There are 2 protein chains.
Amino acid sequence: MARAASTKGQTRIQREKTEEILEAALEVFATYGFRGATIDQIALQSGLSKPNILYYFDGKEAIHAKLLSRLLTTWLEPLKHLGDSDNPVDEICAYVARKLAMSRDYPRESRLFANEIIQGAPRILTELKGQLKTLTDEKAALIQNWCDAGLIKPIDPYHLIFSIWATTQHYADFDVQVCAVLSDKADSRFDQAAAFLDNMYRATLTH
Amino acid sequence: MARAASTKGQTRIQREKTEEILEAALEVFATYGFRGATIDQIALQSGLSKPNILYYFDGKEAIHAKLLSRLLTTWLEPLKHLGDSDNPVDEICAYVARKLAMSRDYPRESRLFANEIIQGAPRILTELKGQLKTLTDEKAALIQNWCDAGLIKPIDPYHLIFSIWATTQHYADFDVQVCAVLSDKADSRFDQAAAFLDNMYRATLTH
DNA sequence: CATAGTTTTGACCATATGGTCAGAAAAATA
DNA sequence: TATTTTTCTGACCATATGGTCAAAACTATG
């Protein structure tokens with residue numbers, strides 16, 4: 001038996017089933033959190049039997065860990081692309097737009113992450129203090145340079161980044177609430193949000 | 001036996017124990033979510049035995065329901081105080097400050113709420129579409145009036161409110177992440193946040 | 001103090017849940 | 001086709017969990 005843990009030499013079936021399980025697990029973990037999710041739910045969602053799932057993964061923890069480790073890479077991707085440019089305001093607004101698009105297109109990933117963080121990030125704290133902090137420090141320094149050069153208004157770069165995470169992820173994590181409040185106007189919520197946020201960050205950053 | 005459900009004629013012990021249980025339950029539910037929390041944990045946290053807890057409440061659901069119904073009132077309080085005034089910008093910034101203070105002083109309440117919403121608000125959806133929507137509609141109309149009167153820049157009042165909820169609650173719900181990124185600078189995070197947010201919303205709203 | 005009412009608990013139950021295992025079914029290989 | 005390897009499953013186990021109950025401990029009051 002070749003466990004999915006060994007990344008080399010996987011058969012077609014191993015690759016396919018592993019994906020199906022992760023897809024189902026994402027749905028379940030995002031909705032109920034780690035402790036609230038059950039392997040039976042993942043089994044039901046994926047159409048596989050419970051023992052079959054445990055044939056591919058070494059347990060509930062392992063499935064969750066795999067999802068989280070994948071997620072972090074995807075999640076940091078938009079921030080990585082925040083590059084130097086002659087127009088910092090556009091650069092930041094483009095980042096906001098990318099991040100909002102991720103909330104729209106990958107709400108389950110956002111909720112998986114939110115569940116983990118709210119509950120104290122017990123299984124991802126190391127990565128937060130490592131990868132996430134390193135990247136954020138780097139980009140905060142870049143933004144600080146823009147401030148110092150007078151290209152944008154003076155602001156705290158860290159809290160600017162926090163506010164971007166908060167405002168964009170809100171549309172994935174709190175979607176039920178947003179829809180409840182907007183009711184019939186909810187359909188265009190992502191377009192409205194894009195316009196509002198672009199407007200707000202331009203006002204915040206432009207001299 | 002007089003169950004806590006009957007709000008009238010409670011003895012001193014009933015009032016005290018009920019509070020102790022709710023206090024412990026808030027801690028546990030906020031950390032693990034509804035499905036992840038166990039009555040045993042609440043028992044341990046409160047120093048009471050499990051059967052004793054079930055003597056005061058009709059089950060896990062009932063404890064959670066009680067917490068949620070209390071919470072909603074407290075939670076909407078800051079928004080209710082968003083009143084008419086000759087300086088709308090100050091008015092909104094004061095609301096932001098109040099909301100941020102709540103994240104600092106009542107992080108568990110914020111997380112309890114966040115857990116519920118992220119998981120689809122199964123036990124509070126009615127209240128969201130009722131109380132929350134009504135109040136938000138009312139305040140959005142007020143803000144719209146300020147826009148129309150030219151007292152603040154034209155913005156979408158609903159998404160302004162969403163952004164305030166998102167940015168302020170972020171400091172309670174994602175506190176672990178904020179601290180991980182700020183590391184040694186984390187101590188003053190709420191003061192920094194207050195300054196940043198005040199600055200951002202003034203820029204967004206002032207002509 | 002005696003009695004009635006309230007509060008608390010240990011022991012217990014039914015179900016849910018994470019996980020195991022021997023062997024069957026299917027697929028790859030010789 | 002025969003054999004080896006991979007994939008899959010029903011039955012099962014140990015523990016965790018929500019909840020019950022009879023009786024004990026405690027408290028207030030006549």
Side-chain angles (χ1 to χ4, degrees), chain A residues 1-25 27-29 31-68 115 119 122-123, chain B residues 1-25 27-29 31-68 115 119 122-123:
Chain A
M1 83 174 157
R3 273 307 166 59
S6 64
T7 43
K8 293 166 187 287
Q10 291 198 64
T11 69
R12 175 185 52 84
I13 291 180
Q14 276 168 17
R15 250 175 286 124
E16 284 176 5
K17 293 295 159 85
T18 301
E19 279 316 306
E20 287 172 37
I21 293 167
L22 288 174
E23 160 66 25
E27 188 74 31
V28 176
F29 281 128
T31 307
Y32 299 105
F34 179 74
R35 295 197 43 175
T38 70
I39 304 184
D40 288 285
Q41 285 175 297
I42 299 172
L44 196 69
Q45 182 77 28
S46 65
L48 300 175
S49 69
K50 184 163 69 166
N52 202 9
I53 286 176
L54 292 167
Y55 169 72
Y56 288 105
F57 286 92
D58 285 333
K60 192 179 160 182
E61 290 266 7
I63 305 176
H64 194 252
K66 184 76 185 174
L67 276 176
L68 273 187
N115 265 312
Q119 306 194 354
R123 316 157 207 281
Chain B
M1 85 177 153
R3 271 315 171 49
S6 64
T7 42
K8 293 167 189 284
Q10 292 197 63
T11 69
R12 176 184 52 83
I13 291 181
Q14 277 168 17
R15 251 175 285 124
E16 285 176 6
K17 292 296 158 85
T18 301
E19 279 315 306
E20 289 173 36
I21 293 168
L22 288 174
E23 160 65 25
E27 188 75 30
V28 176
F29 281 129
T31 307
Y32 299 105
F34 179 75
R35 297 197 43 175
T38 70
I39 303 184
D40 289 284
Q41 284 175 298
I42 299 172
L44 195 70
Q45 181 78 27
S46 64
L48 300 175
S49 69
K50 184 165 68 167
N52 203 8
I53 285 176
L54 292 168
Y55 169 73
Y56 288 105
F57 287 91
D58 286 333
K60 190 179 162 183
E61 290 266 6
I63 305 177
H64 194 252
K66 185 77 186 173
L67 277 176
L68 274 187
N115 265 313
Q119 306 193 354
R123 313 155 211 284

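The structure presented is a predicted model; accordingly, all values stated were derived computationally and were not measured. Chain letters run A, B, ... following the sequence lines, proteins first, then strands; residues in each count from 1. Hydrogens, waters and symmetry mates are skipped; everything else that's a heavy atom, side chains included, is used.
- The side chain of A/Ser49 places an N or O atom within less than 4.0 Å of a non-bridging phosphate oxygen (OP1 or OP2) of D/dT9.
- The distance from atom CD1 of A/Ile39 to atom P of C/dG18 is 5 Å, rounded to the nearest whole Å.
- Across all strands, B/Ala37 comes closer than 4.0 Å only to sugar-phosphate atoms, never to a base (heavy-atom distances).
- Within 4.0 Å of B/Ala43, counting heavy atoms only, lies no atom of the nucleic acid at all.
- Between B/Phe29 atom CZ and D/dT17 atom P the separation is 13 Å, expressed in whole Å.
- For B/Lys60 and D/dT17, the NZ to C1' distance is 8 Å, given to the nearest whole Å.
- Comparing D/dT9, D/dT6, C/dG19 against the side chain of A/Thr11 picks out D/dT6 as the nearest.
- Side chain of A/Arg15 to backbone of A/Gln10: a donor-acceptor contact under 3.5 angstrom is found.
- Here B/Asn52 does not reach the OP1 or OP2 of C/dT7: none of its side-chain N or O atoms lies under 4.0 Å away.
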CA sep, side-chain torsions, deciding dist, call: B/Thr38, A/Arg35, side-chain contact (heavy atoms from CB on, under 4.5 Å): CA-CA 10 Å; B/Thr38 70; A/Arg35 295 197 43 175; 3.8 Å; yes

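- Between A/Lys17 and D/dT6 there is no side-chain N or O to OP1 or OP2 distance below 4.0 Å.
- With rounding to whole Å, B/Ile42 atom CD1 is found 13 Å from D/dG19 atom C1'.
- Applying the 4.0 Å criterion to OP1 and OP2 of D/dT7, one finds that A/Tyr55 has a side-chain N or O inside that range.
- Enclosure of atom OH in A/Tyr32 is not indicated, since only 12 or fewer non-hydrogen atoms of other residues, nucleotides or ligands lie within 6.0 angstrom.
- Aromatic ring orientation, B/Phe29 versus B/His64: perpendicular (interplanar angle above 60°, classes split at 30° and 60°).
- The base of C/dG18 sits with one of its N or O atoms less than 3.5 Å from a complementary donor or acceptor on the side chain of A/Lys50.
- Contact between the side-chain N/O atoms of A/Arg35 and the OP1/OP2 oxygens of D/dT17 is found at a separation under 4.0 Å.
- You'll find the side chain of A/Arg123 reaches within 4.5 Å of the side chain of A/Phe34, heavy atoms only.
- Between the C1' atom of D/dT15 and the CG atom of B/Asp40 lies a distance of 12 Å, rounded to the nearest Å.
- Atom CD1 in B/Ile63 sits about 11 Å away from atom C1' in D/dG18, given to the nearest Å.
- The distance from atom CG of A/Asp58 to atom C1' of C/dT20 is 13 Å, rounded to the nearest whole Å.
- At C/dT7, one or more side-chain N or O atoms of B/Gln14 fall inside 4.0 Å of OP1 or OP2 (strictly under the cut-off).
- Put simply, CD1 on A/Ile13 is 8 Å from C1' on D/dT6, counting in whole angstrom units.
- Distances were taken from every side-chain heavy atom of A/Leu54 (C-beta onward) to each of C/dT20, C/dG18, D/dT17; the shortest belongs to C/dT20.
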